[in-house]
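To start, the structure under review is shown below, and the notes come after it.
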Amino acid sequence: MTLSTEQQPPVSPAPPRRPRWWRRPWVAPLAVVAVTFVAFSLPPYLSMDPSQSRVPAPDFFPPHFVVLSLHVVFGSIAMITCCLQVWPWFRGRYPRAHRLIGRVYVFAGCLPAGLLGLIVSVTTPYFGPVTAASGVVLALVWLGCTLAGWRMARQRRFVDHRRWMVRSFALTMTIITNRLWGTVFFIVLSPQLETTFHGDETLLASAVSALSAWLGWVLPLVFAEWWLERGDAAKRRRRARQTA
């Protein structure tokens, strides 16, 4: 007996195919940039030679170089591991590895780097109070986003976990955007050394540092929020069309 067209059960739409790993054009450049940045930034702090530090050490805090070195080491771990964590193909293909690397990212990367970065920001007066304030706020927001993402995963609230970890990833990579903004502002403001800054190179350095410090993490976080809302809104529209 053959069922009529009206009697046949509806056919569920085929699930959307996930893009192949090579169709994520941003993954490879991101990994290259992260590895290159770490290869450039890390060696001076592995030398155990305070004279190679790129950040002046204050006289009132002798452990500054050690704390800064550990901050750079843990931050490097966070940068490298997050490149795999934000790779959709890797997450879907190797979920166990994603969970294990995620624990490394949180507990051997972001959390120690954030706590040590908080100390470095408070004890580094040479770039001015505005830069120090940015470092403190960045460290607190970075720690908060990362801990929130970890808690969401523990509670199996994976949609919220993904959203918080996107924010954490954006903040992890801000050390790179900070350097880019620093170069831009140095080029733009250097011609004003004798006018706006009255020939004071320290004042110029403080202004460049403050501008790049704040824009270096605020703009990536704003972009991450825009990207999340844009992606979630598109998903909601697709679900509405499917249920209509």
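Residue indices begin at 1 and follow the sequence shown.
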Can you hop from Leu115 to Val66 via hydrophobic side chains spaced under 4.5 Å? no

Who passes salt bridge (Lys or Arg N to Asp or Glu O under 4.0 Å) against Arg157, sequence neighbours left out? Asp160

Could you measure the distance from the CG atom of Leu68 to the OG atom of Ser53? Nearest 0.5 Å is fine. 5.0 Å

Tell me whether the rings of Trp214 and Trp217 are parallel (<30°), tilted (30 to 60°) or perpendicular (>60°). tilted

Please work out whether the ring planes of Phe61 and His64 are parallel, tilted or perpendicular, with thresholds of 30° and 60°. perpendicular

Of all heavy-atom pairs linking Thr123 and Phe60, the shortest is O-CZ, 3.9 Å

So does Ala78 get a backbone contact from the side chain of Thr172, meaning a donor-acceptor N/O pair under 3.5 Å? no

Mind checking side chain to side chain donor-acceptor pair (under 3.5 Å) for Asp59 and listing every partner two or more places apart, or none if nothing turns up? none

Report yes if the side chains of Pro58 and Pro125 come closer than 4.5 Å at any heavy-atom pair, otherwise no. yes

In this structure, are over 12 heavy atoms from other groups packed under 6.0 Å from Gln155 atom CD? yes

Mind checking whether Arg162 and Leu228 have side chains closer than 4.5 Å, heavy atoms only? yes

Single hit among Val136, Thr131, Leu140 for side-chain contact (heavy atoms from CB on, under 4.5 Å) with Ser121: Val136

To the nearest 0.5 Å, what is the distance between CZ on Phe223 and CZ on Arg230? 8.5 Å

Do you know which two heavy atoms are closest between Tyr105 and Ser168, and how far apart they sit? OH-OG, 2.7 Å

Are Leu118 and Val137 connected, step by step, through hydrophobic side chains (Ile, Leu, Val, Met, Phe, Trp, Tyr) whose heavy atoms are closer than 4.5 Å? no

Show, in sequence, the C-alpha distance, side-chain angles and deciding distance for Val72 and Leu46, and conclude whether the side chain to side chain contact (heavy atoms under 4.5 Å, CB included) test is met. CA-CA 9 Å; Val72 173; Leu46 295 178; over 6 Å; no

Give a yes or no on whether Ile175 and Val106 share a hydrophobic cluster (residues Ile, Leu, Val, Met, Phe, Trp, Tyr; joining criterion: side-chain heavy atoms under 4.5 Å apart). no

Please test Leu180 against Val184 for side chain to side chain contact (heavy atoms under 4.5 Å, CB included), starting from the C-alpha separation and ending with a verdict. CA-CA 6 Å; Leu180 294 175; Val184 170; 5.7 Å; no

With side chains defined as the heavy atoms from C-beta onward, is the minimum distance between Leu147 and Leu111 less than 4.5 Å? yes

Where the side chain of Tyr126 meets the backbone of Thr202, is there a donor-acceptor pair that is under 3.5 Å apart? no

Rounding to 0.5 Å, atoms CZ (Arg103) and NE2 (His98) come to a distance of 10.5 Å

Thr177 side chain to Thr174 main-chain N or O, any donor-acceptor pair under 3.5 Å? yes

According to a 4.5 Å side-chain heavy-atom criterion applied to Ile, Leu, Val, Met, Phe, Trp and Tyr, with indirect links allowed, do Leu215 and Val188 form part of one hydrophobic cluster? yes

List the atom of Gly149, the atom of His161, and the distance in Å for their closest heavy-atom pair. O-ND1, 2.7 Å

Shortest non-hydrogen pair, Leu219 vs Trp181, comes out as CD1-CZ2, 3.5 Å

Apply side chain to side chain contact (heavy atoms under 4.5 Å, CB included) to residues Leu84 and Tyr94 and explain how you reach the verdict. CA-CA 10 Å; Leu84 288 173; Tyr94 303 104; over 6 Å; no

Rounded distance (nearest 0.5 Å) linking atom OG1 of Thr81 with atom CG of Leu100: 12.5 Å

Donor-acceptor pair, side chain of Ser47 and main chain of Pro44, under 3.5 angstrom: yes

Any pair with a residue in residues 167-193 that passes salt bridge (Lys or Arg N to Asp or Glu O under 4.0 Å), sequence neighbours left out, goes on the list, sorted by first then second residue, please. Arg167-Glu225

Between Leu30 and Leu42, is there shared hydrophobic-cluster membership here, with clusters defined by ILVMFWY side-chain heavy atoms closer than 4.5 Å? yes

Can you tell me if CZ on Phe186 sees more than 12 non-hydrogen neighbours from other groups inside 6.0 Å? no

Pairwise distance CZ(Arg151) to OG1(Thr146) - rounded to 0.5 angstrom: 13.5 Å

Spatial distance of atom CZ (Arg93) from atom CH2 (Trp87) [nearest 0.5 Å]: 10.5 Å

Does CZ in Phe40 sit with more than 12 non-hydrogen atoms of other residues, nucleotides or ligands closer than 6.0 Å? no

If you count the non-hydrogen atoms of other residues, nucleotides and ligands that lie under 6.0 Å from CZ in Arg154, is the total more than 12? no

Can you check side chain to side chain contact (heavy atoms under 4.5 Å, CB included) on Leu189 and Leu204, steps first, answer last? CA-CA 8 Å; Leu189 296 180; Leu204 170 64; 3.7 Å; yes

For the student: nearest non-hydrogen atoms of Cys110 and Trp142, plus distance: SG-NE1, 3.6 Å

Please report the closest heavy-atom contact between Cys83 and Met173, naming both atoms and the distance. SG-CE, 3.8 Å

